[in-house]
> 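Below you will find the structure I want to go over with you.
Note that ligands are numbered from 1 as they come in the structure, with each ligand's atoms numbered from 1 the same way.
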Amino acid sequence: MSAIFSRRTVLALGAAAAGQWLLSSEAAQAAASKRRVVVWSEGSAPKNVYPKDINTAVAEGLKPLAGWEVVTASLADPDQGVPDALLNQTDVLVWWGHVRHRDVKDELVDRIVRRVKGEGMGFLALHSSHFSKALKKLLGTPCGFSAYVCDGSSVRVTVKQKDHPIAKGIEDFTLDKTERYSEPFQVPEPEAVVFDGVYHRPDGSTERSRQGLVWTVGKGKVFYFQPGHETYPHFFDENVRKILRNAVQWLAPRTR
Ligand code: ZN
């Protein structure tokens, strides 16, 4: 704490008021020194699986991150949940959208892309956010898959790049039910496929599909993670939560 007010000021304020000012100033400094992750979702997930929507479930999983402030945001919030003042102080933006991509204003998408490309904010696109305007604009490709099938298949998520920070402490694991997104995934060649995956269909056949991919876009890093269909509780799964914690730390810009 630097002494930025004089003894005379303290006397004028009164000791109690000055003490309060000091405390609030320290709190403000502590908050400013923290990294910030904003977890955004569109508010369309079923309440029986996600009673407080997906943003809250993801945010709960990020809470153990030391030195991070975790903020939830929703499409229904003012400025679609991401006002300038918040976005400009965000290190990593986590995005889950599905049926309301078109409702997100182009102007907000442009601001997000600017923050990633020009200023190094990290962007984490979850599951159906493969079709979010922001990811499409960041990667510059259609970002579609060839098929989307919700037939009760399971997925074996395998760690493909074991030395990648996003894979730290993660062993191969299975999600009992998932929505199958079939390759090819129309994206640029990723810098790394951190997680690969194999679907096990109800008929016993299998299909490969990449589950976790990373790119650098301008000054920022981007991670796409495929699990997370809204009718399955993937964001309460401990492996998924650990991956997202690793990802948020890796996506953060080195400096602000
Ligand atoms: Zn889905």
> Centres of the F223 and F123 rings: under 6.0 Å?
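That pair fails the under 6.0 Å test.
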> Just wondering, are more than 12 heavy atoms of other shown residues or ligands nearer than 6.0 Å to NZ in K63?
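No - once you tally the heavy atoms of other residues, nucleotides and ligands closer than 6.0 Å, there are 12 at most.
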> Looking at residues at least two apart in the chain, or sitting in another chain, which of them share a ring-ring contact (aromatic ring centres under 6.0 Å, His included) with Y148?
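In terms of ring-ring contact (aromatic ring centres under 6.0 Å, His included), with neighbours along the sequence ignored, Y148 is linked to H130, Y181.
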> Can we call the ring centroids of H229 and H127 under 6.0 Å apart?
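So the answer is yes for these two rings.
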> For the Zn ion (ligand 1), which protein N/O/S atoms are closer than 2.8 Å?
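As for protein N, O or S atoms lying under 2.8 Å from the Zn ion (ligand 1), they are H127 NE2, E179 OE1, H229 ND1.
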> Cut-off 3.5 Å, no hydrogens considered: what does the side-chain donor-acceptor table look like for residues 240-248, sequence neighbours left out?
residue : atom : partner : partner atom : Å
R241    : NE   : F235    : O            : 2.8
R241    : NH2  : A57     : O            : 3.1
R245    : NH1  : G61     : O            : 2.8
N246    : ND2  : I166    : O            : 3.0
N246    : ND2  : K168    : O            : 2.9

> List for me each residue that meets side chain to side chain contact (heavy atoms under 4.5 Å, CB included) alongside P202, sequence neighbours excluded, and say none if there are none.
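Applying side chain to side chain contact (heavy atoms under 4.5 Å, CB included) to P202 gives D151, S153.
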